[in-house]
Amino acid sequence: MKALPAEVDFVVIGAGVAGLRAAIELADAGRVLVISKQEPPEFKTKDRRSEAAWLSETDDVILHLQDTIAAGDGLSKPEAVKIMVEEGVERIDELLTWGRHAGTKLSFEPENAHTRSRVLHAASEPSGKEILRILWDKVHSLKQVSVAQFTFATSLLTDAGRVTGVSLIDEKAVPHDISCSAVLLATGGCGQIYRNTSNPESATADGIALAVRAGAEVSDMEFVQFHPTALHMKKVPQILLPEGLRADGAYLRNFELDRFMGKYHPLGERAPRDLVSRAIVHEMEVSRAKDPFVYLDLTHLNTTKVQKSFPFIYETCMAYNVDITEDVIPVRPAAYANAGGVRTDLDGKTNVNRLYAAGEVAATGVHGANQLPSNSILESLVFGARAGRAMRNVEKISHQPGEPKATYSNGPVDVGVEELIGRIQDTMWKEVGVVRMRPGMQNAVKALEEMAPKLSQPRTRRAHEAANLHLTALLIARSALAREESRGAHYRIDYSDHEDRRFSRHSLIRGDKVLYPIT
Ligand SMILES: Cc1cc2nc3c(=O)[nH]c(=O)nc-3n(C[C@H](O)[C@H](O)[C@H](O)COP(=O)(O)OP(=O)(O)OC[C@H]3O[C@@H](n4cnc5c(N)ncnc54)[C@H](O)[C@@H]3O)c2cc1C
């Protein structure tokens, strides 16, 4: 392991699509340190149909813009979406140029909620993995950029309202403070707040919590998207069974093996994903089963086509003795993505001086109240690059880093931390999940507030993650309680319609308060 520097020009927290793309942009503007709490990048799913949407040759920028805005249910910012779809073409072209030697065969295929075939698939590799590999190789060719893996950011250093550096725990559990002129948060998602999630174990909401503690505003936290169909089997990872399966004709069946989607939406299984999630939750509730789920049924589809189109799903399920071409597959919804996050302008700038955010941690306004499937990688690429470009113009200031304040340890695991994380996950799943109601959300806020003292002084990396999950869960619960309407991914039984007069606005959290400023 190379020693960590005491000072660099820019720190990028996160080595996913957003962080790596930003680092490339920053490389000729100064010394860049990218930190990642995990190993080298691995796209979150090994599924061949991991995908990034962008415009195909036959596509139309206006149509992609319209699809994205329709999914956002009144809250997508048209200027942000326009930037994403227009600059997305350039970002993808440049990516293909960087990766050309790999000889990847690409094709555009349809996906639910997109009106055109604009979702990219790589023939030989998952396209998401391919994108990360290309960015990773590019970053490693740049002299000014170094990457520290297994290095965990615990807090942002601030002075007189501006960010001056980052506190870290390195891979040997040694604390460091690194000073810099600007920081980019590119820490990804927060799905681990929920008991059922397709997100990796690392998605513990660190970036949102770091930002909030440094005084940053967060926005639209109530809009958590649930993927309708994650594999549900004991001791088996909650693999996402892609929307493409339903687009290709898969059926959903309840406990009695009856098809049910026709009761909920004229498009049946091809209905928008949040509607499908709600229908599944309803079917699970009426089944009164102790461990409820529904079935995804592919048995009527062409076996060879299923095996060829979804090899990862086929092979993984086979490993657990489920032949998806012959057996129905037990599934239930899982937390998947957040439309909200750290509020930024169109250049990734937050309200805290010298703090930027991009990718899943940021709320640029692209997703509004709900995400169009497969826009996330495109957003990370486009706004990662824009944030990197904006940070280049930050005036360089040298700070003397102080002595790191605390000593940390990677183990043994703090007593009670896992139990607290489990309680946060269960509370959020039960009370602030796919279907929400005031009393449940009030219970959740109360239960989370009562847990706070137990998480106030984290000393290990895992305890920091627990504290970050806890803070972000509270932000989500408070925001969901305050939005007295249903919109996009936020669905309340007690307010099942839009309430445009009060809520056709972005939510904003300041301290304990959820506000709806007119922007
Ligand atoms: C199962 C699954 C399938 C998906 N499929 C698609 C798809 O098909 N198409 C699509 O467009 N999107 C998809 N997405 C969403 C997409 O993967 C993400 O939105 C996108 O990759 C976000 O990239 P990012 O750079 O913001 O974050 P990530 O790729 O999540 O990277 C986050 C980085 O931050 C680091 N980090 C986090 N906290 C800390 C900390 N405290 N200290 C140091 N480092 C830290 C992590 O180690 C990691 O390097 C999928 C997501 C999931 C979960």
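As the structure lists them, so they are numbered: ligands from 1, and atoms in each ligand from 1. As the structure is a computational prediction, the values presented were derived from the model and not from experiment.
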Peer 1: State, without any angle test, whether His464 and Asp206 hold a side-chain donor-acceptor pair at a distance under 3.5 Å.
Peer 2: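 Note: His464 and Asp206 side chains miss the donor-acceptor criterion.
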Peer 1: Based purely on interatomic distance, does Ser198 place a nitrogen or oxygen under 3.5 Å from a nitrogen or oxygen of ligand 1?
Peer 2: no
Peer 1: For ligand 1, which is the ligand I care about here, please tell me if Leu378 has any N or O atom under 3.5 Å from one of the ligand's N or O atoms.
Peer 2: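 No; the residue has no nitrogen or oxygen that sits under 3.5 Å from a nitrogen or oxygen of the ligand.
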Peer 1: State whether the shortest distance between N or O atoms of Ile377 and N or O atoms of ligand 1 falls below 3.5 angstrom.
Peer 2: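 Min N/O separation from ligand 1 is below 3.5 Å for Ile377.
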Peer 1: Only heavy atoms count here, so choose which of Ser380, Ser376, Ala148, Ala357 is nearest to atom 12 (N) of ligand 1.
Peer 2: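 Checking each option, the heavy atom nearest atom 12 (N) of ligand 1 is found in Ser376.
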Peer 1: Just jot down the ligand 1 atoms closer than 4.0 angstrom to any heavy atom of Gly359, in number order.
Peer 2: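 Under 4.0 Å from Gly359, ligand 1 has these atoms: 26 (O).
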Peer 1: Are a donor atom and an acceptor atom from the side chains of Gln371 and Ser376 found within less than 3.5 Å of each other?
Peer 2: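 Their side chains do contain a donor-acceptor pair, which is all the 3.5 Å distance test asks for.
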Peer 1: What I want to check is whether the side chains of Gln225 and Asp274 have a donor and an acceptor closer together than 3.5 Å.
Peer 2: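 Per modelled atom types, Gln225 and Asp274 side chains form no pair under 3.5 Å.
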Peer 1: Would Ala18 count as a polar contact of ligand 1, with the cut-off being nitrogen or oxygen pairs under 3.5 Å?
Peer 2: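 Right, the criterion is met.
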Peer 1: May I ask which of Gln38, Glu360, Lys37 has a heavy atom nearer to atom 36 (N) of ligand 1 than the others do?
Peer 2: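 That would be Lys37.
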Peer 1: Check each atom of ligand 1 against the heavy atoms of Val17 and keep those under 4.0 Å away; list them by number with element.
Peer 2: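 Reading through ligand 1 atom by atom, the close ones are 25 (O).
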Peer 1: Could you tell me whether Ala15 and ligand 1 have an N or O pair separated by under 3.5 Å?
Peer 2: yes
Peer 1: Before signing off on this row, confirm whether Asn199 and ligand 1 have an N or O atom pair separated by under 3.5 Å.
Peer 2: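 For ligand 1, there is no N or O atom that lies under 3.5 Å from one belonging to Asn199.
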Peer 1: Under a plain distance cut-off of 3.5 Å, with no hydrogens placed, do Thr68 and Asn375 share a side-chain donor-acceptor pair?
Peer 2: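 Result is yes, a qualifying pair exists.
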